[in-house]
Amino acid sequence: QLAGGHDVRVLDLGCHDGAYLDALREAGVTGEYLGIDIAASPRWEETPKTGKLRAEWRVWDAHRVGELPAGRFDVILSVTTFEHFERDGEVLAGVTTQLRPGGHFVLVVPSPYSFAVYGNHGFRRYHNAETCRRLTASGLEVVSVTPVGGVPSFAWSTLWFQGAQAVRLAGKAALGVAAGFSRARAKRLFGPLDATLNGTQFWHQRTRLGRAAHRGLVRASTRLDVWLPGLPVLYEIVARKPT
C-alpha cells in the first residue's frame with residue numbers, strides 16, 4: 001500500500017538474511033531494495049539481486065544510517081530491529097534524514113508484554129505513546145499505530161519462540177556432548193550446524209511454504225485476537241515525513 005503501485009526505494013534496517021525482501025517481492029513491490037546489517041549473511045550471495053525489485057546489501061552500522069550515500073528512500077523498514085540499536089535516537093535521526101518528503105517509516109517494536117515471549121531480548125521494550133512522541137519530536141508525522149496481538153497471538157508467539165529456544169538449547173547441548181562436553185570443541189567440529197541453531201525461530205522464513213504457513217497462523221490468531229484483545233506483543237507504527 002505504501003508503494004502506491006509505483007517503483008520505490010526501500011531501506012531495510014537490520015535486514016539479517018533479507019527475509020523481508022522475499023516478502024516485498026511476493027507482495028509485488030517494485031523498484032530498489034537496500035538491506036543493511038552489522039554483519040553479512042550467507043543468504044546475501046544466494047538471493048537473486050535482479051528482478052522487478054532489485055536488491056543490494058551492505059555491511060553498515062545502523063547508527064550511521066544518515067551517512068549512507070543512497071539517500072531519499074520512499075520506505076524505511078525496521079521490523080523488530082530497533083530494540084537492538086544501542087543508541088536508537090541516533091538511528092531515528094538518520095531515518096529522518098534518509099526519508100524523502102512524503103516517505104514512510106514502518107517501525108515494528110516489542111511492547112513491554114513481549115518480555116514473556118522473547119525474554120531479555122535487545123536493549124529495551126517500547127511503550128506506544130512514548131514512541132509516538134519521539135517520532136513526532138524527530139520531525140515525522142505518526143500515521144497509524146497498530147497493536148500486534150491479543151491473547152491468542154500472545155500465547156502462540158510465546159509457544160513458538162520459547163519452543164524454538166528449547167530446540168536451540170537442546171541442539172547445542174547435544175553437540176557439546178558429542179564433542180566431549182566441550183562447547184569450544186563443538187563449535188570447531190560442528191561450526192555450520194552450531195551456527196544454524198542460532199536462527200531456529202527463523203527457519204520457516206527461508207522457504208515460500210514456511211512463510212505462507214507463518215502468514216496463515218498469524219491471520220488465524222489475528223481473527224481470534226478480536227474476541228480476546230490485550231497483551232500485544234508488538235506495536236506497528238507507521239510515520240510519514242512531511243512534504
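- In plain terms, the two heavy atoms of Pro242 and Gly139 that are nearest each other are CD-O, 3.2 Å.
- Of the inter-residue distances, the one linking Phe73 atom CZ with Leu34 atom CG reads 5.0 Å to the nearest 0.5 angstrom.
- Qualifying salt bridge (charged side-chain N to carboxylate O under 4.0 Å, His left out) partners for Arg43, counting only residues two or more places apart in sequence or in other chains: Asp22.
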Under the side-chain contact (heavy atoms from CB on, under 4.5 Å) rule, what do Leu107 and Tyr126 come out as? Steps first, then yes or no, please. CA-CA 11 Å; Leu107 176 66; Tyr126 290 83; over 6 Å; no
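- Scanning both residues, Pro110 and Leu234, for their nearest heavy atoms gives CA-CD2, 3.8 Å.
- Within the structure, side-chain hydrogen bond (donor to acceptor under 3.5 Å, both in side chains) contacts touching residues 75-85 (residues at least two apart or in different chains) are Ser78-Thr81, His84-His121.
- Side-chain N or O atoms of Ser111 include one that pairs as donor or acceptor with a backbone N or O of Pro232 at under 3.5 Å.
- Looking at residues two or more places apart in sequence or on another chain, you find a salt bridge (charged side-chain N to carboxylate O under 4.0 Å, His left out) between Lys172 and Asp194.
- We find the CD-CZ distance between Gln98 and Arg72 to be 8.0 Å, quoted to the nearest 0.5 Å.
- Listed by chain and number, the residues in a side-chain contact (heavy atoms from CB on, under 4.5 Å) with Ala55 are Leu21, Arg25, Tyr33, Trp57 (sequence neighbours excluded).
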Show, in sequence, the C-alpha distance, side-chain angles and deciding distance for Phe85 and Leu92, and conclude whether the side-chain contact (heavy atoms from CB on, under 4.5 Å) test is met. CA-CA 10 Å; Phe85 304 143; Leu92 180 56; over 6 Å; no
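- Every residue meeting the side-chain contact (heavy atoms from CB on, under 4.5 Å) condition with Arg223, not counting sequence neighbours, appears here in chain and number order: Arg219.
- Partners of Asp88 by salt bridge (charged side-chain N to carboxylate O under 4.0 Å, His left out), not counting sequence neighbours, listed by chain and number: Arg124, Arg134.
- The minimum heavy-atom distance linking Thr30 with Leu53 is given by the pair C-CD1, 3.8 Å.
- Atom CZ of Phe105 and atom CG of Leu135 lie 6.5 Å apart (nearest 0.5 Å).
- The stretch residues 99-122 participates, sequence neighbours left out, in these salt bridge (Lys or Arg N to Asp or Glu O under 4.0 Å) pairs: Asp74-Arg100.
- Scored by the side-chain contact (heavy atoms from CB on, under 4.5 Å) test, Asn128 finds Val145, Tyr235 as partners (sequence neighbours excluded).
- Taking the side-chain contact (heavy atoms from CB on, under 4.5 Å) definition, one finds that Asp37 meets it with Cys15, His16, Trp44, sequence neighbours left out.
- Judged by distance alone, the side chain of Tyr20 and the main-chain N or O of Leu77 form no donor-acceptor pair under 3.5 Å.
- The cluster map of Ile, Leu, Val, Met, Phe, Trp and Tyr, joined by side-chain heavy atoms under 4.5 Å apart, puts Phe123 and Val109 in different clusters.
- Residue Leu189 comes nearest to Ala179 through the heavy atom pair CD1-CB, 4.1 Å, listed as atom of the first residue, atom of the second, then distance.
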Would Val75 and Val29 count as a side-chain contact (heavy atoms from CB on, under 4.5 Å) here? Give the steps. CA-CA 11 Å; Val75 179; Val29 176; over 6 Å; no
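- For the side-chain contact (heavy atoms from CB on, under 4.5 Å) test with Val91, the passing option among Leu13, Asp61, Thr96 is Leu13; the others fail.
- Under the salt bridge (Lys or Arg N to Asp or Glu O under 4.0 Å) criterion, the residue pairs touching residues 226-243 are Glu141-Arg240, with sequence neighbours excluded.
- Residue Leu11 is not grouped with residue Ile38 when hydrophobic side chains (ILVMFWY) are merged at heavy-atom distances under 4.5 angstrom, including chains of intermediate members.
- With rounding to the nearest 0.5 Å, the separation of CG in Leu140 from CD1 in Ile237 is 11.0 Å.
- Here the side chain of His104 pairs no donor or acceptor atom with the backbone of Val238 at under 3.5 angstrom.
- For Glu130, the salt bridge (charged side-chain N to carboxylate O under 4.0 Å, His left out) partners two or more places apart in sequence, or in a different chain, are Arg133.
- We find the CD-CG distance between Glu32 and Asp7 to be 8.0 Å, quoted to the nearest 0.5 Å.
- For Phe190, the ring-ring contact (aromatic ring centres under 6.0 Å, His included) criterion is met by no residue, not counting sequence neighbours.
- Once rounded to the nearest 0.5 Å, the distance linking NE2 of His63 with CZ of Arg87 reads 4.0 Å.
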